[in-house]
Visitor: 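Attaching a single structure in structure tokens format; questions to follow.
By convention in this document, chain letters (A, B, ...) are assigned in the order of the sequence lines, proteins followed by strands, and residues within each chain are numbered from 1.
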Number of protein chains: 2
Amino acid sequence: MTRLSKREILIDASRELFIARGFHAVGVDTILKKSGISKRTLYKYFKSKEDLILAVIRHYDETFRNYLMREVEARKDSAYEQLLVIFDVSEQWFSEANFHGCLAVKAIGEFSEKNKAIQRSCEEFVRLIGEYMEELATKAGARDAKGLARELVLLFEGAIVMAVVSGNPKVAQQAKTMARRCVDEHVKKN
Amino acid sequence: MTRLSKREILIDASRELFIARGFHAVGVDTILKKSGISKRTLYKYFKSKEDLILAVIRHYDETFRNYLMREVEARKDSAYEQLLVIFDVSEQWFSEANFHGCLAVKAIGEFSEKNKAIQRSCEEFVRLIGEYMEELATKAGARDAKGLARELVLLFEGAIVMAVVSGNPKVAQQAKTMARRCVDEHVKKN
DNA sequence: AGTTTTGTAAACAGATCAGTTTACTCAATT
DNA sequence: AATTGAGTAAACTGATCTGTTTACAAAACT
């Protein structure tokens with residue numbers, strides 16, 4: 001019956017609250033109320049709020065990348081098309097009711113000066129998204145796969161910011177148009 | 001002697017603290033300590049911390065846009081070149097010791113759900129940057145000036161995120177390369 | 001000279017924060 | 001049947017938060 005462990009329930013509830021309201025703005029009492037779990041149990045699984053935040057970011061890092069790769073591979077077969085379909089998946093993500101931007105970027109914004117562990121986890125998230133794109137870029141025959149991947153990550157993160165600010169998921173299609181130019185530039189034969 | 005009013009000193013000190021550590025993470029006592037101003041005086045000029053935050057964002061909105069326009073106009077004369085030199089100014093901005101990203105985007109991240117006034121001020125910031133770029137795009141002869149401006153704002157905000165995450169101001173040059181492709185696409189004769 | 005404005009310093013109120021502790025329940029294991 | 005582990009509920013600690021109040025000082029205005 002109980003499909004999720006208490007630890008997972010806590011991480012899920014925390015992620016939703018943190019992304020919607022921010023890390024500092026959400027107190028542990030709010031998380032306990034939403035998850036229906038006692039304070040004692042929270043501090044059994046996590047030694048501090050900071051520890052919980054780290055777990056939430058690592059969980060996001062894994063699940064989001066899995067989601068992105070799964071969706072991309074389900075839609076297109078060629079690496080060239082997969083690079084572009086990333087932005088269709090993005091539009092789907094932007095359209096979710098609970099979409100509030102990139103958790104990792106938000107975390108860097110709130111902790112970059114104070115907490116090096118959180119900062120490193122967030123950099124890792126962006127780095128791994130870039131690695132995935134580089135992999136696809138290599139398969140697609142890009143001359144400078146690392147360079148193309150960096151451009152696409154910039155477009156990806158830019159689209160996230162614009163989606164949050166404008167509230168319009170369609171900005172993903174604009175990013176896709178720009179991405180096509182980048183890919184064609186890096187792949188075309190001279 | 002006292003060049004700045006107490007109100008301006010408070011806004012300056014707050015802006016530096018908020019951008020470096022976040023809005024919720026910085027208490028008013030920290031602002032008072034940094035600015036050397038008493039709590040009584042703070043609450044004379046601002047009716048609440050939220051009111052102070054709004055004033056900081058509006059001040060940022062004005063001063064940053066002025067800075068950008070002044071620097072752009074000082075470097076290039078043609079609208080086409082001005083559109084691109086925006087990213088050279090960005091690199092200069094990213095290289096500042098106190099650079100910690102876009103204050104408006106950070107504020108949206110911390111207040112989007114809770115505070116509509118703050119959210120609106122931040123949207124306004126992004127909208128006005130876009131208007132400036134649209135103006136230049138029109139002068140540069142873009143067929144779809146609004147569309148080109150939207151692309152350039154996306155690159156601009158994407159570059160900011162990547163500069164924060166990577167700590168490398170050079171991402172601005174990468175964005176400039178991408179911007180040149182966008183501009184050429186929108187301006188070239190068919 | 002007298003009054004108003006502008007400011008500081010510091011104590012205080014009341015809420016909220018993270019985290020601990022005590023006392024209890026209930027189900028699974030042994 | 002007894003014990004252990006996982007959990008809840010709630011009081012509590014001590015720190016910190018925003019915002020108010022009281023008391024006082026110095027300068028500016030009339």
Visitor: Could you check whether any side-chain N or O of B:Lys106 sits under 3.5 Å from a backbone N or O of B:Ile19, counting only pairs where one atom can act as donor and the other as acceptor?
Guide: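 Yes.
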Visitor: Could I get the full list of side-chain contact (heavy atoms from CB on, under 4.5 Å) partners for A:Lys49, not counting sequence neighbours?
Guide: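 In terms of side-chain contact (heavy atoms from CB on, under 4.5 Å), with neighbours along the sequence ignored, A:Lys49 is linked to A:Phe18, A:Val28, A:Ile53.
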Visitor: Does A:Arg127 pair with A:Glu123 as a salt bridge, N-O distance under 4.0 Å?
Guide: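 A salt bridge is absent here (no side-chain N lies under 4.0 Å from a carboxylate O).
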Visitor: What's the verdict on side chain to side chain contact (heavy atoms under 4.5 Å, CB included) for B:Leu148 and B:Leu83, showing C-alpha distance, side-chain angles and the deciding distance?
Guide: CA-CA 10 Å; B:Leu148 174 55; B:Leu83 280 173; 4.2 Å; yes
Visitor: Less than 3.5 Å apart, any donor N or O on the side chain of B:His100 or A:Glu113 sitting next to an acceptor on the other?
Guide: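 Distance-only check passes for B:His100 and A:Glu113.
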Visitor: Just by distance, with hydrogens left out, do A:Glu81 and A:Ser78 show a side-chain donor and acceptor under 3.5 Å apart?
Guide: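 Yes, because at least one side-chain N or O of A:Glu81 sits under 3.5 Å from a partner of the opposite role on A:Ser78.
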Visitor: How many Å lie between OH on A:Tyr43 and C1' on D:dT8, as a whole number?
Guide: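 To the nearest whole Å, that distance equals 16 Å.
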Visitor: Between D:dA6 and A:Thr41, is there an OP1 or OP2 to side-chain N/O distance shorter than 4.0 Å?
Guide: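 Checking A:Thr41 against D:dA6: no side-chain N or O falls below 4.0 Å of OP1 or OP2.
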Visitor: For the pair made of NE2 in B:His24 and C1' in D:dT18, what is the distance, rounded to whole Å?
Guide: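 That distance rounds to 12 Å.
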Visitor: B:Asp29: what forms a side-chain contact (heavy atoms from CB on, under 4.5 Å) with it, not counting sequence neighbours?
Guide: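 B:Asp29: side-chain contact (heavy atoms from CB on, under 4.5 Å) contacts with B:Leu32, B:Lys39.
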Visitor: What's B:Tyr45 touching, base or sugar-phosphate or nothing? Going by heavy atoms closer than 4.0 Å.
Guide: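 If one applies the 4.0 Å heavy-atom cut-off, B:Tyr45 turns out to touch the sugar-phosphate alone, with no base involved.
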Visitor: In degrees rounded to 10°, what angle is found between the helical axes fit to the five outermost pairs at each end of the helix from C:dA1-D:dT30 to C:dT30-D:dA1?
Guide: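 Overall, the helix from C:dA1-D:dT30 to C:dT30-D:dA1 bends by 0° from one end axis to the other.
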Visitor: Starting at CG of A:Leu10 and ending at C1' of D:dT8, how long is that distance when rounded to a whole Å?
Guide: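 Rounding to the nearest Å, CG of A:Leu10 and C1' of D:dT8 are 13 Å apart.
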Visitor: Strictly below 4.0 Å, N to O, side chains only: are B:Arg181 and A:Glu151 in salt-bridge contact?
Guide: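 Yes, charged N to carboxylate O under 4.0 Å.
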Visitor: How long is the line joining CG of B:Asp29 and P of D:dT18, in whole Å?
Guide: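 The answer, rounded to whole Å, is 7 Å.
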Visitor: Protein-nucleotides 9-13 of chain D N/O pairs closer than 3.5 Å?
Guide:
none

Visitor: Taking atom types as modelled, find out whether A:Gln82 and A:Asp77 have a side-chain donor-acceptor pair closer than 3.5 angstrom.
Guide: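 There is no such pair (donor and acceptor under 3.5 Å, judged by atom type) between the side chains of A:Gln82 and A:Asp77.
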Visitor: Could you work out, with salt bridge (charged side-chain N to carboxylate O under 4.0 Å, His left out) as the rule, every residue matching B:Glu62, not counting sequence neighbours?
Guide: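 B:Glu62 satisfies salt bridge (charged side-chain N to carboxylate O under 4.0 Å, His left out) with no residue once adjacent residues are dropped.
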Visitor: Rounded to the nearest angstrom, tell me the gap between atom CG in B:Leu52 and atom C1' in D:dG19.
Guide: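 Roughly 13 Å, once rounded to whole Å.
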Visitor: May I ask you to decide whether B:Glu124 forms a salt bridge with B:Arg120, counting only side-chain N to carboxylate O separations under 4.0 Å?
Guide: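 No salt bridge links B:Glu124 with B:Arg120.
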Visitor: Going 5' to 3' along DNA chain C, between which two nucleotides do contacts with chain B fall, using a heavy-atom cut-off of 4.0 Å?
Guide: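 Boundary nucleotides touching chain B, in 5' to 3' order, are C:dT6 to C:dA9.
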Visitor: Rounded to whole angstrom units, what separation is found between the CG atom of A:Leu4 and the P atom of D:dA6?
Guide: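 A:Leu4 atom CG is separated from D:dA6 atom P by 18 Å.
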